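Quick notes on the structure that follows.
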Amino acid sequence: MLRIQNSISASISLGLRQLFSIEANDISLQETKKEFEGTFTCVVFPYTKQAGMAPPMIAQKLGEFVQANNEHVDQFQVVQGFLNLSLKEGTWVSILAECLADSNAFQLAPKNEKVLIEYSSPNTNKPLHLGHLRNNFLGYSVAQIMEAAGYEVIKSNLVNDRGIHICKSMLAYQLFGSGETPETSGMKGDHLVGKYYVAFDKAYKEEIETLKKAGKTEDQAKAEAPILFQAQAMLLAWEQQDPEVIALWERMNSWVLAGFEKSYTQMGVDFDKIYRESNTYLLGKKIVDEGLAQGVFFQKPDGSVWINLEAEGLDEKLVLRKDGTSVYITQDMGTAQLKYADFGADKSIYVVGNEQDYHFEVLFHILKKLNKPYSTGNFHLSYGMVDLPSGKMKSREGTVVDADDLMAEMIQTAKERTMELGKIDGFSVAESNELFNQLGMGALKYFLLKVDPKKRMLFNPVESIDFQGNTGPFIQYTHARIKSIVRKAAELNISNEWTEDQSITLATAEQELVYLIAQYKLKIEEAASQLAPSVIAQYVYDLAKQFNKFYTELSIINEEDKTKQKIRLSLVEMTGKTIRQAALLLGVIVPERM
RNA sequence: GGCUCCGUAGUUCAAUGGAUAGAAUGUAGGUUUCCGGUACCUAAGAUGAAGGUUCGAUUCCUUCCGGGGCUACCA
């Protein structure tokens, strides 16, 4: 397909030179709109001035030239300044044959570049929520897409397992926990720890109220609450390796991480390398010392360390607290260095929400100022937050959608729908459960990935469990249908082998399907360069939709013309494979039956 | 306030500066005894406002209106 497109572009380029002496090497062909005849369209408006001719005239002459000089072009139509080109009938069969013969139909050639993708990056003080789901699905999908695009990919996860916020849940547990454990409470570890993070917040607020009644202002009260001092003291004790604090920390972290492990398994995501902030913050502090020696950072009288980025249009930014403990960005400097030492990747992608745009701008500037070899190739894949119909998720208002709960609900809905409509006779209990899992997770993943990552999106719980229209299950259903046809064809010993012949013509519905299949690699490239799984989601939806249209218009098994029957069967099989591969890039598994 | 992102059918999402702005959902109607109807077909329905650049603007620029985020010695 690309070959043909390039050939036509070249012909147009040649025509422009010979007819009008115009040098234009990058001719962009676009798809012809549905309501017009043709496959590719060339817009000739840009050449009006240089050619000294009205656009329709240019298009006419160019059309005649291309028709005479390009082997793939049959007819052309001129509509104002648009030149619509139709391919020769036989070309469509050639394109299909080419796709079928391509042993690397779903994998682009190696780019010899290494990409490190950091995603998930949870805090070990509370369970995962809806926002984390978008993050995890995005990160995993981008990794799959980059791999298909020919990059060497390393998936990493930076666990934020230390810091003042972690101390808050530890402290609350110490104060109110009465020694309960995931075992004694029957709670998943991350949920149990989350309970104490909430408990801290509650106690903190109560103290603030008390202080305000004693005449303090809001700000004073917030800064002077005793429980906050306790948390700060605990952080200091932690950084000084106080054995008791460390023991509590290790205990509670292990609970959380075991809980996350279960969630990750359910999500179907994984990592090649897990970094822990507790192992990188010291390196970060070392880098602060280096930067201080280099004069990149400066120290204020109270001992805190800062960087001045006013020349870069930013602000002063703290990199080390006055008590010497590290902050978020300190640790990020250390992690960046560690990653470079471990992998030396050419590109480093951080999948983190857009509320941290400023943070990453600062981080990347700091790395540049420190003259680090890994100061280039950094990219913040900044995604929008997920809103609920009721507005923003707020933990203190109890409107947070828990990741584990949501996944369980989706699977339950899939089960109900399948019991009602599915064709799963003969499935074992295990097979049924696996199917419900694939459908529920497919629906959720597709729902969160079909939107452009950069944009904030609305999560409507009612619509998300809808399995009709532009949804994961629609795509899964289409695939199951395809496999059903393929199975039946095998039973009837229908062959999918045919030999190419330029006299074979394809119906419009077939041509359009072939066109989409032939576009697969272009879409991978596009999705990889934009780091946007939504490109793939849109594509696989279009493909499934086009297949359904083809399916209602044309017979496959019942086709009497044996050549047509074989071609259609091979086309159906190829469509099925393409849908499966594209869906996998989103982390969505398409079933054989449902 | 400063910085920044975003305003597209009732709703949720599309559209490298190109043709009559695409889907889905919802609404109204329909699908040949057909290989799986979670499907297919038809209809009505939208670019926040005003300027500007351009042969051509949802897209680029300016102002206004509306919304989000950042503006922590939290992460």
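Keep in mind it's a predicted model, so treat the numbers as computed, not measured. Chain identifiers are assigned alphabetically (A, B, ...) following the order of the sequence lines, protein sequences preceding nucleic acid strands; residue numbering begins at 1 within each chain.
- Atom C1' of B:A49 sits at a distance of 16 Å from the matching atom of B:G67, rounded to the whole Å.
- Counting only N and O atoms by type, the side chains of A:E37 and A:N84 include no donor and acceptor under 3.5 Å apart.
- Using a 4.0 Å cut-off between charged nitrogen and carboxylate oxygen, A:E526 and A:K523 count as a salt-bridge pair.
- As judged by a 4.0 angstrom heavy-atom cut-off over every strand, A:F467 is placed among the base-contacting residues.
- In this view, A:T39 satisfies the side chain to side chain donor-acceptor pair (under 3.5 Å) rule with no residue, not counting sequence neighbours.
- Taking atom P on both B:C13 and B:C6, the two are 15 Å apart, rounded to the nearest angstrom.
- Computed from coordinates, the A:I482 CD1 to B:G37 P distance equals 14 Å when rounded to whole Å.
- B:U42 sits 27 Å from B:U8 when the P atoms are compared, rounded to a whole Å.
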Spell out protein contact along nucleotides 19-32 of chain B as letters: B when the base is contacted, S when just the sugar-phosphate is, - when no protein heavy atom is under 4.0 Å; keep the 5' to 3' order. BS--SSS-------
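- Nearer the 5' end of RNA chain B, as judged by each residue's closest nucleotide, is the contact made by A:Y551, out of A:Y551 and A:G422.
- Using a 4.0 Å heavy-atom distance criterion, A:L458 is classed as a sugar-phosphate-only contact.
- Pairs passing the side-chain hydrogen bond (donor to acceptor under 3.5 Å, both in side chains) check and including a residue from residues 303-317 of chain A, sequence neighbours excluded, read A:K300-A:E316, A:D302-A:S304, A:S304-A:W306, A:N308-A:E310.
- Rounded to whole angstrom, the span from the NZ atom of A:K49 across to the P atom of B:G56 amounts to 11 Å.
- Note on A:N548: only backbone sugar-phosphate atoms sit closer than 4.0 angstrom, heavy atoms only; bases stay farther off.
- Using modelled atom types and a 3.5 Å distance limit, the side chains of A:S382 and A:D357 yield a donor-acceptor pair.
- By the 4.0 Å N-to-carboxylate-O rule, A:K564 lies too far from A:E510 to be salt-bridged with it.
- Using a 4.0 Å heavy-atom cutoff across all strands shown, A:M594 reaches at least one base atom of the nucleic acid.
- We find that CG of A:D452 is positioned 10 Å from P of B:G7, with the value rounded to whole Å.
- For A:S326 and A:R162, the side-chain atoms include at least one donor-acceptor pair closer than 3.5 Å.
- Nucleotides B:U47 and B:G17 have their C1' atoms positioned 15 Å apart, rounded to a whole Å.
- Residues A:K549 and A:E512 are not paired through a salt bridge, judged by the lack of any N-O separation under 4.0 Å between the basic side chain and the carboxylate.
- By the ring pair (Phe, Tyr, Trp, His ring centres under 6.0 Å) test, A:W238 pairs with A:W249, A:Y281, sequence neighbours left out.
- No side-chain donor-acceptor contact under 3.5 Å links A:T124 and A:D161.
- The nucleotide whose nearest atom lies closest to any side-chain atom of A:K423 is, among B:C35, B:A14, B:G36, B:G36.
- Straight-line distance from the CZ atom of A:F550 to the C1' atom of B:G36: 15 Å, rounded to whole Å.
- As a whole-Å value, the separation of A:I475 CD1 from B:A39 P is 11 Å.
- For the P atoms, the distance linking B:A19 with B:G29 amounts to 34 Å, nearest Å.
- We find that CZ of A:R134 is positioned 15 Å from P of B:U12, with the value rounded to whole Å.
- Among the heavy atoms of the strands lying under 4.0 Å from A:V451 are primed sugar atoms or P, OP1, OP2 only; no base atom is included.
- If you check every strand for non-hydrogen atoms under 4.0 Å, A:K34 touches nothing.
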Secondary-structure notation, RNA chain B, from Watson-Crick and G-U pairs under 3.5 angstrom (| other strand): (((((((..((((....[...)))).(((((.......)))))....(((((..]....))))))))))))....
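- Within 4.0 Å (heavy atoms only), A:S555 reaches at least one base atom of the nucleic acid.
- Counting any heavy atom pair closer than 4.0 Å across all strands shown, A:P55 reaches no nucleic acid atom.
- Defined by atom type and a distance below 3.5 Å, a donor-acceptor pair is missing between the side-chain atoms of A:N157 and A:Y275.
- For the residue pair A:Q546 / A:Y541, no side-chain donor-acceptor distance below 3.5 Å is found, with atom types taken as modelled.
- At the heavy-atom level, A:A489 lies nowhere under 4.0 Å from the strands shown.
- The separation of B:G10 from B:U63, taken at their P atoms, amounts to 30 Å, rounded to a whole angstrom.
- One side chain, A:T478 or A:N548, offers a donor N or O that lies under 3.5 Å from an acceptor on the other.
- One interatomic measurement links the two molecules: CZ of A:R417 to P of B:G36, which rounds to 20 Å at whole-angstrom precision.
- The same atom, C1', is picked in B:A39 and in B:A21; the two are 27 Å apart, to the nearest Å.
- Between the P atom of B:U38 and the CZ atom of A:R593 lies a distance of 16 Å, rounded to the nearest Å.
- Closest-nucleotide positions on RNA chain B for A:S534 and A:Q546 were compared, and the one nearer the 5' end corresponds to A:S534.
- Heavy atoms of A:K549 sit under 4.0 angstrom from primed sugar atoms or phosphate atoms, though from no base atom.
- A donor atom on one side chain and an acceptor atom on the other are found under 3.5 Å apart for A:D332 and A:H359.
- Taking atom C1' on both B:A9 and B:A24, the two are 12 Å apart, rounded to the nearest angstrom.
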Taking protein heavy atoms under 4.0 Å as touching, what does nucleotides 69-75 of chain B look like 5' to 3' if B marks base contact, S marks sugar-phosphate-only contact and - marks none? SS--BSB
